[in-house]
2 protein chains.
Amino acid sequence: MKIDPSHLEILSAVVAAGGLTEGAAALGKSQPSVSRTISMLETRIGSRLFEKGRRPLRPTELCLTLAAEGRDIHAATERASQAITKYTGGKSGTARVAGSPIFMDGVISNMIAGFQIAFPDVRIDQSYGYATKLMEQLSAGNIDLAICPLKNDHVPPEYAFETILPGRNVIACAPTHPLARKTSLKLGDIAAYPWITPPADSPLYEDLRKVLKGIGITDFKVSFSGGSLVSVMNVLKGSDSLTVLPYSVVFLQKHLKSLVALPIRIEHPERQLGLLRRIDRPERPAVVRFRKYIKQQFASLSHSIGEQERNTLWRK
Amino acid sequence: MKIDPSHLEILSAVVAAGGLTEGAAALGKSQPSVSRTISMLETRIGSRLFEKGRRPLRPTELCLTLAAEGRDIHAATERASQAITKYTGGKSGTARVAGSPIFMDGVISNMIAGFQIAFPDVRIDQSYGYATKLMEQLSAGNIDLAICPLKNDHVPPEYAFETILPGRNVIACAPTHPLARKTSLKLGDIAAYPWITPPADSPLYEDLRKVLKGIGITDFKVSFSGGSLVSVMNVLKGSDSLTVLPYSVVFLQKHLKSLVALPIRIEHPERQLGLLRRIDRPERPAVVRFRKYIKQQFASLSHSIGEQERNTLWRK
DNA sequence: AATTTTCATAACTTAAGGATATATTAAAGG
DNA sequence: CCTTTAATATATCCTTAAGTTATGAAAATT
């Protein structure tokens, strides 16, 4: 005897409501519809579900048994509905995000922390990579969103790129660095110190080279290279080295007293930090939610940086 | 987001089977039917349930969540189906039976015991009454089946009456009774002993009067009256009283050595023991099963009595 | 690259399920 | 006891889901 679960759900509603009319109302259906469904069910089963000719509708034993299963079914569909609502509202699911290591560690991870507080049931899968690899990963469907610096006019048409910050870099050092305490800083001062460079394949490395070249330093001493942000910061802290970092990264570390930016205006890379995704792939709700959260966070970060800007004197 | 539980059931089957084709086969449906149901579900939900363009069908997170609920739903419908099968097979439910007290206690209760062993999930609600009241109870829908002696041609057309035994009575006494040990018994012998009579409103009481009148006793001494079978047997055991009982009752007690029948052939009542029910009421499966069980039991009882008959010499 | 397997689509048919209007019927009340 | 009232059953119509077979498209496999 194959049975339609929705019939059992209806049955349980009628039993719970104590009548067809009220049951139908509870279900949001018309009374005749429910009446017919019940009587079709009765003929299928071959037994009455309600005693004949009793006006306060009296369920039979079988009816009560089936209604109990109907309640289970209703509970399950209810849970399913809520799961769907949660999922389509972007409050559950997974967002797979990747980006440049320095950015992810220095900026995004802090934002992810806040996101997790607000949406604890969204899982964030994070990985690292630079632009080319990120695009491949996006196209392969391995990640949903990339966060990286890119030249705005170098974005292929199958990608969407939303800029979130200008790609501004600064020269950074430990707060204990001799230059950090100098009030008036000359460009020549920095030539004496060794440099920490990011991995050679990173865009930041390219930036660093250009910056130094821009201020006339072509032959610079590299004391450490290739590390992640934490490595870089640790080495900076224990040495007199300098490095080039995105201003946003330094900005967020500043109040932790682990990094400072030297007030030297250096060449802007032509890139913009932004959110990259495939335009032809439907975005899952959790990804949309995450992306918008990141955008909003960057908007407020951008505002904070802007204020800071007005209170700083940059030389060059 | 209102969701159809059967869709979730289908979803879980597809996920469990690992593909549309196998899932459809498991459900006993065609592949296109299942395919369309899934895709309709996807458009309703607004999210994919299976990743696009992956040939070993890969369920999304949401899909797995929903499929889990689908499993619950499937389990519930399965339980419901089995409950229905059991019920319609007469293996669960309730049968409300009533009958003459002496018969119910002396014969039917033993049969009910056997029935309960075979069908432990059928509940028997037993009550007592004589023909008129039983018919009222049947008509009021308070009982499903009556077991009572009735004249075959006195059955109103709205009732069905199946005879199960001829309404044969015997004179009964305790095995320790003086007459029980006598080998040759004369009719006059019984005149000396007091009588136990059933309740005055019972058909058996009428039988007793007729029997005694038939053998010439009009003025008989009543030592006890109105009790149930157990009372009657207890009083018989502790006294020299006689009584009239249905032969079937005595027959079943005989091997317990609590009652014996005197080998005196007495007048047969014109009634027949039978199963009475309303012909216009649909019988619930458990009632059918019980009724058939009782009929079959009486058939074999009837056979046993028949054999016993051939070995007994009845006088009159 | 061809083959195979699996899923999606098309077109059609049947049955279920929704609505409104109305007939029946059991319970209640004068 | 008969009338009233409230609830359920039925009638009719229409829309949509769901089943079928045949067929097209696409991913994996060889």
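Every chain is numbered from 1, with letters handed out A, B, ... down the list of sequences.
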Integer-rounded Å distance: [N] [atom2] and [X] [atom1]:
{"X": "B:Ile38", "N": "C:dT6", "atom1": "CD1", "atom2": "P", "result": "17 Å"}
{"X": "A:Met40", "N": "D:dA11", "atom1": "CE", "atom2": "P", "result": "14 Å"}
{"X": "B:Leu41", "N": "C:dA8", "atom1": "CG", "atom2": "P", "result": "13 Å"}
{"X": "A:Asp4", "N": "D:dA18", "atom1": "CG", "atom2": "C1'", "result": "11 Å"}
{"X": "A:Phe50", "N": "C:dA26", "atom1": "CZ", "atom2": "P", "result": "17 Å"}
{"X": "A:Ile3", "N": "C:dA16", "atom1": "CD1", "atom2": "P", "result": "13 Å"}
{"X": "B:Leu57", "N": "C:dT6", "atom1": "CG", "atom2": "P", "result": "11 Å"}
{"X": "B:Arg36", "N": "D:dT20", "atom1": "CZ", "atom2": "P", "result": "10 Å"}

Do [X] and [Y] sit within salt-bridge range, that is, some charged N less than 4.0 Å from a carboxylate O?
{"X": "A:Lys86", "Y": "A:Asp121", "answer": "yes"}
{"X": "B:Arg123", "Y": "A:Glu61", "answer": "no"}
{"X": "A:Glu136", "Y": "A:Lys133", "answer": "no"}

On the nucleotide [N], are OP1 or OP2 found under 4.0 Å from the side-chain N or O atoms that [X] carries?
{"X": "A:Arg44", "N": "C:dA16", "answer": "yes"}
{"X": "A:His7", "N": "C:dA16", "answer": "no"}
{"X": "A:Ser30", "N": "C:dA19", "answer": "yes"}

So, under a plain 3.5 Å distance rule, would you say the side chain of A:Gln31 forms a donor-acceptor pair with the base of D:dA7?
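Looking at the base of D:dA7, it does not pair with any donor or acceptor on the side chain of A:Gln31 (distance under 3.5 Å).
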Side chain A:Arg55 and base C:dT25 donor-acceptor under 3.5 Å
yes
Where each residue is assigned the nucleotide of DNA chain C containing its nearest heavy atom, which of B:Glu22 and A:Arg54 is assigned the position nearer the 5′ end?
B:Glu22
Let me know, please, whether A:Ser33 or B:Ser35 comes out on the 5' side of the other along DNA chain C by nearest nucleotide.
B:Ser35
Which nucleotide in the list D:dA28, C:dA8, C:dA16 gets nearest to the side chain of B:Leu20?
C:dA8
What nucleotide among C:dG17, C:dT9, D:dA17 has an atom nearest to a side-chain atom of B:Pro32?
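Taking heavy atoms from C-beta onward, the closest nucleotide is C:dT9.
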When we call it a touch if two heavy atoms are under 4.0 Å apart, what does B:Thr21 touch: a base, just sugar-phosphate, or nothing?
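Sugar-phosphate: the residue B:Thr21, judged by heavy atoms under 4.0 Å, touches backbone atoms but no base.
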Does B:Arg278 count as lying over the ring of B:Tyr159, i.e. NZ or CZ under 6.0 Å from the six-ring centre, within 45 degrees of the axis?
yes
Please answer whether the main-chain N or O of A:Ala76 pairs with a side-chain N or O of B:Asp72 as donor and acceptor at a distance below 3.5 Å.
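Such a contact is absent between B:Asp72 side chain and A:Ala76 backbone.
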